[in-house]
Q: 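Let me give you the structure first, and then I'll get to my questions.
Computed from a predicted model, the values in this text were never measured in an experiment. Numbers restart at 1 for each chain; the letters A, B, ... are given by sequence-line order, proteins then strands.
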Number of protein chains: 2
Amino acid sequence: MTKERAYFESLALKEEGRLSPEHVPEVYHFDRTMSLIGMRYLEPPHIILRKGLIAGIEYPLLAQHMADFMAKTLFFTSLLFRSTSDHKRDVAEFCGNVELCRLTEQVVFSDPYKVSQYNRWTSPYLDRDAEAVREDNPLKLEVAELKSKFIERAQALIHGDLHTGSVMVTRESTQVIDPEFAFYGPMGFDIGAFLGNLILAFFAQDGHADQANDRKAYKEWILKTIEDSWNLFYQKFTSLWDEHKNGAGEAYLPTIYNNPEVQLLVQKKYMTDLFHDSLGFGAAKIIRRIVGVAHVEDFESITDAAKRASCERRALDLAKMLLKERRKFEGIAEIISAIRQY
Amino acid sequence: MTKERAYFESLALKEEGRLSPEHVPEVYHFDRTMSLIGMRYLEPPHIILRKGLIAGIEYPLLAQHMADFMAKTLFFTSLLFRSTSDHKRDVAEFCGNVELCRLTEQVVFSDPYKVSQYNRWTSPYLDRDAEAVREDNPLKLEVAELKSKFIERAQALIHGDLHTGSVMVTRESTQVIDPEFAFYGPMGFDIGAFLGNLILAFFAQDGHADQANDRKAYKEWILKTIEDSWNLFYQKFTSLWDEHKNGAGEAYLPTIYNNPEVQLLVQKKYMTDLFHDSLGFGAAKIIRRIVGVAHVEDFESITDAAKRASCERRALDLAKMLLKERRKFEGIAEIISAIRQY
């Protein structure tokens, strides 16, 4: 880790911790010269969420906690709550975290769509699938739009790497860690990362099923968690918006958006756009974990390569469809139905 | 002018001058402590373009020059040409120009859509029109989207105030001045400002017509200039793109966008989105000049209030339609037809 990384990680941990203290470990001390972060030790039985998902453990509060974390950190750092002055000051500060933004650009939006020495996939099973990704012009068109949005759109302070390996859990506690990729970017990148990684976990389950546990009930729990995460996020985010609609937020001045009809219109449009962004970014995150450089333990821990490839292909095919057709979906229930069809 | 303003003006003048030296006056010296800009004196017969448009003077090279200025300054400061690192460094620098961004937000995207003591219009003729703007929910929905894009989307270094009062002209020379509002924002804001102010000039002509000159030929010249400006911009911008497609631009890596079909797809999509942005921002700029705080001499110089109101209403009605239905238009020729119908 470079010294820069530690600085931005500590900065983001403190800001996220201020906004969502229940779900972010407290930073006690940061020393910039030493790049030293002193922070809460997440004691056992906290484990990385991804490992819990592989083990088939249910976390009844996960959706609620993650919805709360995402709603608070994204809403309160957006122009729905803040003034342009505060926003531009913080955007400028986090522009300094450019090296990690570049890394994301490369591994999420570039490498999977070109021949790259770093790419790998479950070969030979997925050779043709990986090639198809590289040759899919409509897919690459959509990826370009998401990449531009990732670089250009300073919508809120995002975690920047909100997959299931950046969350530590017990049945009662959910703690978001490792925000060293944080910067002002599109909200959908965080929401999509979390939902996309739950979808990866879902498709990996058939590879973990055995005679003792067919994982069917667990797959249903994952689907419910995906659905609840979005729905609860939607509720919490719009509640915060309603609560603060007469505040300092620069985006929708109360003197302009001054009647219930127009308020409903803007909120519905905002949330629909955010939903489509989340689906797009989520799909991109799935694709890169199957044909890109960095894979996920959900699939990697399936030792039978043919079985692994079959799980991966279903996730990949869903993601390609979502990326290209995301604007046709109106709600998360439709996504759950789509997942079941792959 | 605050000292901040002079700093960002000199910074933008130098950058724009480097990219488009034929159309930006040279800066000889800037002293930050003194907020002193020493720059080329634009000698007579240079006059402010807006005054020329009111006087009915044709500028045969205007469209070509402005297309050149916009194509070069916007392309070379975008991710089509630059790396993310350079981009974020400059975005951060221009975040400092926040006070002027806030002023634009207020006068362009807020004031016209609410009751504000600073608003004025040709009363009593346009009283009902001004009220209708404030009560138009679909219009306010679109304005919100443009405002968010203005604040959040760092697409390129934009001039930020590219109306016909920021351009000095002779028949042979076109010089863009006063970029004190410059920051990294959406390209369409500049293109829309220029086209929108030409549209204002068009609708003002009937108020300047007299027995000696019915202005009919001049109106045709303005329409042709609007059409040529966009078409030449499109040509120059896409030529620059083609020329530099194998360069350091981060948005579309040549190893991914590696066949003529996908290159055509991404370019067409990019330019269509930019066209729609330009129409939206242009329409917002027209509206604010009729029912907002700052008006334009094109209309103000029409002394007969009834006649002035009639000209203004036609521009306002066109702008409202454009703002709400801009995505239906596929090319500038359709816009020219629409202008003729109002």
Q: What heavy-atom pair brings A:C95 and B:V91 nearest, and what distance separates the two atoms?
A: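 Where A:C95 meets B:V91 most closely, the heavy atoms are SG-CG1, 4.0 Å.
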Q: For B:N259, which atoms come within 4.5 Å of any heavy atom of chain A: side chain, backbone, both, or neither?
A: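 Contact with chain A is through the side chain of B:N259 alone.
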Q: Pick one: which of A:E105, A:Q106, A:K147 meets side-chain contact (heavy atoms from CB on, under 4.5 Å) with B:L253?
A: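 Of the listed residues A:E105, A:Q106, A:K147, the side-chain contact (heavy atoms from CB on, under 4.5 Å) partner of B:L253 is A:K147.
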Q: Relative to chain B, which of A:Y113, A:Y257, A:F94 shows the most heavy atom pairs under 4.5 Å?
A: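 Maximum pair count with chain B is reached by A:Y257.
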Q: Picking from B:D111, B:V262, B:D273, which has the most non-hydrogen pairs under 4.5 angstrom with chain A?
A: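 Answer, by heavy-atom pair count under 4.5 Å with chain A: B:V262.
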Q: More than 12 heavy atoms of other residues, nucleotides or ligands under 6.0 Å from CD of B:E131: is that the case?
A: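 Result for CD/B:E131: enclosed.
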Q: Tell me which of these, B:E99, B:E145, B:R89, has more heavy-atom pairs under 4.5 Å with chain A than the rest.
A: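 Winner by heavy-atom pair count: B:E145.
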Q: Testing the basics here: between A:K114 and B:T255, what is the closest heavy-atom pair and its distance to 0.1 Å?
A: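 Result for this residue pair: CD-OG1, 3.1 Å.
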Q: Are more than 12 heavy atoms from other residues, nucleotides or ligands located less than 6.0 Å from atom CD of A:E135?
A: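 Atom CD in A:E135 is crowded, with more than 12 foreign heavy atoms closer than 6.0 Å.
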Q: Between B:K88 and A:I151, which heavy-atom pair has the shortest distance, and what is it?
A: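 Distance-wise, the nearest heavy atoms are NZ-O, 3.7 Å.
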Q: State, to 0.1 Å, how close A:F109 and B:I256 come at their nearest heavy-atom pair, and which atoms those are.
A: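 Shortest heavy-atom contact: O-CD1, 4.0 Å.
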Q: For each of B:S83, B:S116, B:A154, B:G96, tally heavy-atom pairs with chain A at distances under 4.5 Å, and name the one with the top tally.
A: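 Heavy-atom pairs under 4.5 Å are most numerous for B:A154.
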Q: When rounded to the nearest 0.5 angstrom, what is the spacing between CZ in B:R153 and CD in A:E152?
A: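 Output value for this atom pair is 4.5 Å.
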Q: I would like to know whether A:V98 and B:T84 meet side chain to side chain contact (heavy atoms under 4.5 Å, CB included); could you show each step before the answer?
A: CA-CA 7 Å; A:V98 58; B:T84 308; 4.1 Å; yes
Q: Does the distance from a Lys or Arg side-chain N to an Asp or Glu carboxylate O, for A:E250 and B:R102, drop under 4.0 Å?
A: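 Counted as a salt bridge, because a side-chain N and a carboxylate O are separated by less than 4.0 Å.
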Q: Is chain A contacted by the side chain of B:F183, its backbone, both, or neither, given a heavy-atom distance below 4.5 Å?
A: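 Interface part for B:F183: side chain.
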Q: Which region of B:Y252, side chain (C-beta onward) or backbone (N, CA, C, O), has a non-hydrogen atom less than 4.5 Å from a non-hydrogen atom of chain A, or is it both or neither?
A: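 For B:Y252, the contact with chain A is made by the side chain alone.
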Q: Can you see whether A:K140 engages B:N258 through a side-chain donor-acceptor pair at a distance of less than 3.5 angstrom?
A: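 The criterion, which ignores hydrogens and geometry beyond distance, is satisfied for B:N258 and A:K140.
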